Amino acid sequence: MTERFDPATADTRWQRVWDERACFTADDASTKPRSYVLEMFPYPSGRIHIGHVRNYTMGDVLARYKRMTGHEVLHPMGWDAFGMPAENAAMEKGVHPGGWTRENIANMKAQLKRLGFALDWSRELATCEPDYYGHEQALFLDLYAAGLVYRKESSVNWDPIDQTVLANEQVIDGRGWRSGALVEKRKLSQWFLKITDFAEELLEGVQGLEHWPDKVKLMQENWIGKSRGLQFRFKPINFFDEIEVYSTRPDTIFGASFVAVAAEHPVAQAVAADSAEAQAFIALCKQGGTTAAELETAEKLGFDTGLKVKHPFTGADLPVWIANFVLMDYGTGAVMGVPGHDQRDFEFSTKYGLPIARVVATDPADAGAPFQGEAEAGDGVLVNSDFLNGQSVTDAKAAVIARAESEGWGEGKTVWRLRDWGVSRQRYWGTPIPFIHCEACGVVPVPKDQLPVVLPEDVDFQTPGNPLVRHATWKYVDCPQCGKPAVRETDTLDTFVDSSWYFLRFASQPADKPFDREAIAKWLPVEQYIGGIEHAILHLLYARFWTRALARIGMIDVKEPFASLFTQGMVTHETYLRIDNANGQPVYFAPTEIERGGESAKLKADGAPVEIGRVIKMSKSKKNVVDPDAIVATYGADAIRWFMLSDSPPERDLPWSEAGIEGCWRFVQRLWRLFAQFDAATTGEDKAIDRKRDQTVAAVAQDIEALSFNKAVARIYELTSAVEKAQPSASRSAAIRTILLLVAPMMPHLAEEAWSTIGDDLVSLAAWPAVDPALLVEDEVTIAVQVKGKLRDTLTVAKGTAKEELEALALASDKVQRALDGAEVRKIIVVPDRLVNLVA
RNA sequence: GCGGGCGUGGCGGAAUGGUAGACGCAGCGGACUUAAAAUCCGCUUGGGGUUCCCAGUGCGGGUUCGAGUCCCGCCGCCCGCACCA
């Protein structure tokens, strides 16, 4: 073996061998236990970033480990290739979105190959190709046939200058990102998927996701948001229509001091018909964007219509307001305002001088207690509420619902926060929605034999808006039903649709249908899915929905796509900056422009110091990005892979550092030197090393299966140090060989290179080392001896030493006697093999 | 605003309610070397009267023989909020 490991030659050599021997191609016909390991596929932005490297390294270690433990592994890769950045590139650089995307894919694929990932490239797919999105169109038509697709009006962000629809991220401080115009809400007829039909199923299904993080399950449950409440009608006093409201807190009905309706509500519209002021207020509500965060942080505004309704119990007059915080989409578009126990209502009432009453108190004696500047939404006992007084919130809810139902003015109702999924996008670079609009026949699905509806290539991006709409020929077709001239739908599908079934297409890729049912039965569900926490709700919920929808219409037999989910943290980096003297703004520098000392940093260009800023998520604007390619070129793939796994727990953020990658590089070389010391001919036994080796193998296996790579890494460091210090023996050589196998999933190139002199064939195809269970058990344990809960001494005893003996040994300790200082021992707590606690 | 999460040495972190700081990074000291790099050895939470003692896991309370871990209330940071992916 050479003196140093040289990744520049070894990396490519082994990558070629793996390719040529198709080591990582999944065999559909295999009889081995199967394991489908999947990382969220990337958007082809042009370059792999460190976050991708982290994501794919984790999946790769698991995939390689699974292969070593006898599994047939499916570990595929593809491209989430539709989306806005391609259109932005087209507008900025004049390139075609398709050309730009495909070039990016080629570059990023080469980058992934340089990292040595054990991927089955034979199943590669890109969602922007007709052989993918054509099948998606077919599935969309199937869902349509099953009644799960419909059209309705819905609000979008409208840029009145560019005359175009804006994505939420294109709205900055209420203005269009390019034009700077104040954004308005505008109604458009759009396509929707009936995800709400699955609300109950999706909610119940969460319970069965045993291997999902609790936090993600909780977020999904809250997002679906099942709530039981009262839907009821307020009788009008000085007008004719009843107002139907929905409340999740009917218990607080005696605290109602007003009724508020959404700007789009029929009552609001009726009032506006002969009130210019009301019209102006409704127009005001149309200003601004459509996001929930924007709506909820906006100042609470209202308009008193002058209408009054009658309180169902007290008979009191309640004023009817139009309010900007009431949503037409949720419940009935009208609410009863209970300022004492709802924060929005509280702010609203404070602003407009409406009464604020207390109807819930922690203690009945506090019925007259004032509010401390905010609403009290918590639990308690009903007060000032007639027949409800003294009841708990839960009981009072039931009581009010029962009364309303028996008196016939309302009924208990389950309402979901989850809304149907709007999939229409007024954009070019996405899957065309396969429908045709005919004046005579209405909305007509494109016949399946005419799929795919292919995106035209000859489009221009000189003007804002969707180029499909202004394309000279593309949208003009004959109606499939009546044959008369008609037009194609020009909306394309949300890219979340593309990512809602790609994991099914990986199992098999027939040309004539989206997937093969048997292949899905074999491979799905994905055994381990890995991706960012930012996808905790939307992508994962949509993928779950899509899978259930396909199961419901009888196309597949699996209901939940991902058996285990892991959400990894971001990769962060220090920032380097100077404050610009002229305008006081920070000027950022890239890590490559910096020379980093122990606690300081200076700019290479002028040698003067720069400030080391906060460690934050890598972003172009802060220039704190590092290029994986440059790291691979300097240190090789294994060092960067090792860095991704070391130190930080995978679910937390990982701070990148030059020093850290240097340390990984040194460890690569340290292992190389250790592997060179392997000698099959050595003899002699070293029990301590044998034990340490087997304990490490067992622990590392456990850690990898739990994706606790940082712990596995620490174990490997410990074993390495122990083996380095040990005298030559057969045990030591066996341990060296074991270390090689343990690091093989993490540093596959180094492992292959060393294995080529130590082992047979390829280490990528080798078996995980076996352990002797007898060696895993320690025969001696260290016991903590505490006095009043404070550590005073430790005892080393045989494992399983009896309670009485431990007590005696503890009392015999000088240190314990000194700590007791003559005090009488009142109680002794003994945890066998753990500790003795003397309570004085 | 709403929902979710996180907070432990100079830094990343470890710790089934049971010896806080494993392991790594940085730093300091030493060995080797003409010298440097590489490598190896040692030290490294703070304070003190340094074989020992005290304090200590964001802040304030609580439960427990015992709390980094469980409960309540704060503070700070991060993620998501339905057209970014």
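Note that this is a predicted model, so its numbers are computed, not measured. Every chain is numbered from 1 and lettered A, B, ... according to where its sequence line falls, protein lines coming before strand lines.
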Tell me whether the side-chain N or O atoms of A:Asp647 pair up with the base of B:G12 as donor and acceptor below 3.5 Å, since no angle test is needed here. yes
B:G24 and B:C75, which share atom name C1', separated by this distance in whole Å: 31 Å
Does A:Ala81 offer a backbone N or O that forms a donor-acceptor pair with the side chain of A:Trp429 under 3.5 Å? yes
Donor-acceptor contact present, side-chain A:Asn157 to main-chain A:Leu166, <3.5 Å: yes
B:C83, B:G12, B:U39: which one has an atom nearest the side-chain heavy atoms of A:Gln426? B:C83
Base, sugar-phosphate or nothing for A:Ser499? Non-hydrogen atoms, less than 4.0 Å. nothing
Which of the following nucleotides, B:C25, B:C23, B:A85, is nearest to the side chain of A:Glu718? B:C23
Looking only at the side chain of A:Arg666 (C-beta and beyond, no hydrogens), which of the listed nucleotides B:U39, B:C84, B:A14 gets closest? B:U39
Can you find an N or O donor on one side and an acceptor on the other, under 3.5 Å apart, linking the side chain of A:Glu169 with the base of B:C83? no
B:G18 versus B:U50 - spacing of their C1' atoms, nearest Å: 28 Å
In Watson-Crick or G-U wobble terms, both distances under 3.5 Å, what is the partner of B:G3? B:C79
Give me the distance, rounded to whole Å, that separates B:U57 from B:G21 when you measure between the C1' atoms they each carry. 9 Å
Assess, by modelled atom type and distance only, whether the side chains of A:Thr495 and A:Asp80 contain a donor and an acceptor separated by less than 3.5 Å. no
OP1 or OP2 of B:G4 under 4.0 Å from side-chain N/O of A:Asn222: yes
Just by distance, do the side chain of A:Asp653 and the backbone of A:Gly569 share a donor-acceptor pair under 3.5 Å? no
Among B:C79, B:C23, B:G7, the nucleotide that comes nearest once only the side chain of A:Tyr717 is considered: B:C23
Any idea which of B:A85, B:G18, B:A20 is nearest the A:Leu791 side chain? B:A20
Please determine whether the number of non-hydrogen atoms from other residues, nucleotides or ligands lying under 6.0 Å from atom NZ of A:Lys187 exceeds 12. yes
Counting the atoms with a prime plus P, OP1 and OP2 as sugar-phosphate, which does A:Pro649 contact under 4.0 Å by heavy atoms, base, sugar-phosphate, or nothing? sugar-phosphate
Taking B:C70 as the reference, what is the distance to B:U63 when you measure between their C1' atoms (whole Å, please)? 8 Å
Any donor-acceptor pair under 3.5 Å between the side chain of A:Arg427 and the base of B:C83? yes
Determine the Euclidean distance between corresponding P atoms of B:C74 and B:C25; express it in Å to zero decimal places. 42 Å
Nearest to the A:Glu296 side chain among B:C78, B:C2, B:C40, which nucleotide is it? B:C2
Can any side-chain N or O of A:Gln220 pair as donor or acceptor with the backbone N or O of A:Ala536 at less than 3.5 Å? yes
B:C83 base to A:Asn168 side chain: any donor-acceptor pair below 3.5 Å? no
Side chain of A:Met219 only, please: which of B:G4, B:A85, B:C83 is the nearest? B:G4
By nearest atom, which of the nucleotides B:G18, B:U19, B:A85 is closest to the A:Ala784 side chain? B:U19
Hey, does the side-chain of A:Glu574 have a donor or acceptor N/O within less than 3.5 Å of a partner on the base of B:C11? no
Given the P atoms of B:G9 and B:A14, what is the spacing between them in whole Å? 13 Å
Out of B:C79, B:C6, B:C83, whichever nucleotide has its closest atom nearest the side chain of A:Asn157: B:C83
Where the side chain of A:Arg818 is defined as all heavy atoms beyond and including C-beta, which of B:C83, B:A20, B:C52 is the nearest nucleotide? B:C52
